[in-house]
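Throughout, a chain's letter reflects where its sequence line sits, starting with A, and its residues are numbered from 1. When reading the values below, keep in mind they use all heavy atoms of this one structure, side chains included, and skip hydrogens, waters and symmetry mates.
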Protein chains: 2
Amino acid sequence: MATQKDIARVAGVSPSTVAAVLNGTKHTRMGEATRARVEAAIAELGYIPNTAARALRRQQAGTIAVVVENLENPVYQELFRGIYEAAEERGLAVVVGDTMWMRSGSPFLARLLGQGLVDAIVLRHGGLMDEEVLGVLRSRPTPVMLVEYQSDDHDPWVSVDDVAAGRAATGHLIEAGHTEVAFVGGFDTQPANPRHQGYLSAMQQAHLEPRPPLFTGFGAQAGATGLAMLRAGESMPTAIVVNNVMSAVGLLGAAADAGIAVPEQLSVVGIHDAEVAELVRPRLTTVRLPMRALGVRAVEQVSALLAGAPTQLGVISDPPPQVVARGSVLPPAR
Amino acid sequence: MATQKDIARVAGVSPSTVAAVLNGTKHTRMGEATRARVEAAIAELGYIPNTAARALRRQQAGTIAVVVENLENPVYQELFRGIYEAAEERGLAVVVGDTMWMRSGSPFLARLLGQGLVDAIVLRHGGLMDEEVLGVLRSRPTPVMLVEYQSDDHDPWVSVDDVAAGRAATGHLIEAGHTEVAFVGGFDTQPANPRHQGYLSAMQQAHLEPRPPLFTGFGAQAGATGLAMLRAGESMPTAIVVNNVMSAVGLLGAAADAGIAVPEQLSVVGIHDAEVAELVRPRLTTVRLPMRALGVRAVEQVSALLAGAPTQLGVISDPPPQVVARGSVLPPAR
DNA sequence: CTGAAAGCGCTTACAG
DNA sequence: CTGAAAGCGCTTACAG
């Protein structure tokens, strides 16, 4: 591989001159002939900069790592897009990984932990990550920005407004006339599950009796399980707020299997929007969260952190969560 | 940040000794007391190796980059898993990116192109990538392993057996008694669309008349468009092979909207398996491709390439594509 | 068994 | 306007 030294030799100049041409630094008004010779040599030798050397010398890698708990969750599509766009604006490269890969001792983790390759980590672990690994991560000098609701400011974090999302989903059902509204999915987290908090808030505001939440987890199975539990209970609700789109889709499938007509007999709203909501029948009504804005904000804030500039962390309330009315909600049958 | 030099000072030894302890190299039988002192200093200072420096010195990064054309395509879940597992076995870190990010001049591309940070690239571009960028990539010394069907050996590539997948999907429909089978989705590529080739082969073998393919692309919309074209045509088929799961799901939705009962009036098989096939109603019958094995193979072969060892490229025929019978196929109504 | 030294490829003050 | 030199943090022959 050709190096700057090689170019210097071929062009008959010093390495510093080559670096100047390459980086457009200082020697800006260098002799035209010199510059031309250098550029010719660069082209001739097919020079490629060595990023490792540059990172070492500059003491920054120009890269942020994004790690999420489940790479193929459709919900991240927009998040990645926002992160990428904001990063590109700042000349930062983005590199993505899965929480699953972050077992202690894994090469991926070692790479993230190692100095010099990654300037900051944007992490959404969804509670799935080893506390030990998390601790190790936190003890490092490279900043870790959490992208999920935290309620305390122990770590820097940014999040969409999950409480408002829960409230919007529940409110939409209440406005349609439902009074028997259940909440299904997610976990009983610490701090309290924010979407469930939103559900509670909407129910109380409408003077309706909240039902005990069914924290059945994430994924399609969580929706099916939730519906089964509801059917086994004393009185079926007429409407369900589901913590997550994929769970809502799972619930829709389970309802079809059980011969429950959605939306005629049962209304369903899923929190978070994704393409699959448009694909199933009936189409799923969802609450859309500003994931792209979240990505942009995460990069902004991590950059601010890196630069020592003042940060603006916490919940992103603009744009607010928005109900996307599709086909899974109708007024209750009577 | 503490460096090896700092540790050496604190422990009262030379930097080489620190390196020896850290890497477990040569000085293997060093004085127990020395080693203990060094280890204490490492712990005390919270030493973290600088990966950029190491990569520079060793002239290898210990990382492979995986770039796919659409990060959130559910089909990649298994591919990533296979890649990750095989990479971990070899002590390699994996870093993921989206083809979309590889625009000329983007920091991500620069990072991939630059020497020293990435030892090899595993790429699935699905024909979506700029020919120019592709050319640049190919001109670099770091090997690029393609993970998609190529038919020629211009670049190193590995692929699942797409021809066999097309044949299996079509064969399944023929065995169910269908004679009017259409092919929808994908592109009219160069080399010829291998799944369509498989369709053709199965039809001919059964002495059935193939229909002209409807190359409507990828994604859910491609399925809906394909169905619309079929309905506008002279005679509806009784069964459809869809090039891709997501397209098949889109086709299912469009069929429901049009009042066409699947599978009673129309049978559908999607190529490639994904969770969503299990979630929709009717459940979608698919052909499962060994994506995990593909990932493992890609890493194996890229390692062989790097090591200068003999490679075994091309189609992975074991395990063969497998029909996953769910609810979208029935014998034709008469 | 341990240390001094060179060098990976780059950037950046500093001198001329 | 251009060059010589130091140094980022590590690894690895080589000498003792």
Anything under 3.5 Å between a donor and an acceptor, one on a side chain of residues 137-146 of chain A, the other on a protein residue two or more places apart or in another chain? List them.
residue  : atom : partner  : partner atom : Å
A:Arg138 : NH1  : A:Asp155 : OD2          : 2.5
A:Ser139 : OG   : A:Val136 : O            : 2.7
A:Arg140 : NE   : A:Val136 : O            : 3.3

Separation of [X] atom [atom1] from [N] atom [atom2], in whole Å?
X	N	atom1	atom2	value
B:Leu22	D:dG9	CG	P	15 Å
A:Arg54	D:dG9	CZ	P	18 Å
B:Asn23	D:dT12	CG	C1'	10 Å
A:Leu117	D:dC10	CG	P	13 Å
A:Gln60	C:dC10	CD	P	17 Å
B:Arg9	C:dG3	CZ	P	15 Å

- Counting heavy atoms from C-beta on, name the nucleotide in D:dG3, C:dT11, D:dT11 closest to the side chain of A:Ser14. D:dG3
- Which of these nucleotides, C:dG3, C:dC10, D:dT11, is closest to any side-chain atom of B:Thr17? C:dG3
- Query: Applying ring pair (Phe, Tyr, Trp, His ring centres under 6.0 Å), which residue pairs with at least one partner in residues 113-145 of chain A are found, sequence neighbours left out?
  - Reply: none
- Item | Pairs where residues 50-74 of chain A contributes a residue and the test ring pair (Phe, Tyr, Trp, His ring centres under 6.0 Å) is met, not counting sequence neighbours | none
- ring-ring contact (aromatic ring centres under 6.0 Å, His included) filter on A:Tyr149, not counting sequence neighbours, yields A:Trp157
- Message: So, using ring-ring contact (aromatic ring centres under 6.0 Å, His included) as the criterion, who are the partners of A:Phe218 when residues are at least two apart?
- Response: A:Phe187
- Task: Please confirm whether the backbone N or O of B:Ala61 pairs with a side-chain atom of B:Asp119, one donor and one acceptor, at under 3.5 Å?
- Result: yes
- Item | Contiguous Watson-Crick or G-U pair runs (3 or more, under 3.5 Å) in DNA chain C | C:1-3 with D:14-16, C:5-12 with D:5-12, C:14-16 with D:1-3
- Query: What are the two closest heavy atoms between A:Val315 and A:Val160, and how far apart are they?
  - Reply: CG2-O, 4.3 Å
- Task: Name all pairs fulfilling the salt bridge (charged side-chain N to carboxylate O under 4.0 Å, His left out) condition that reach into residues 63-84 of chain B, sequence neighbours left out, sorted by first residue then second.
- Result: B:Glu69-B:Arg124, B:Glu78-B:Arg81, B:Glu78-B:Arg292
Output a table of nitrogen or oxygen pairs between the protein and nucleotides 5-8 of chain D separated by less than 3.5 Å.
residue : atom : partner : partner atom : Å
D:dG7   : N2   : A:Arg57 : NH1          : 3.1
D:dC8   : O3'  : A:Gln59 : NE2          : 3.4

- Message: For A:Arg58, give me all partners under salt bridge (charged side-chain N to carboxylate O under 4.0 Å, His left out), at least two apart in sequence or on another chain.
- Response: none
- Give a yes/no on whether any side-chain N or O of A:Gln4 is located under 4.0 angstrom from OP1 or OP2 of C:dT11. yes
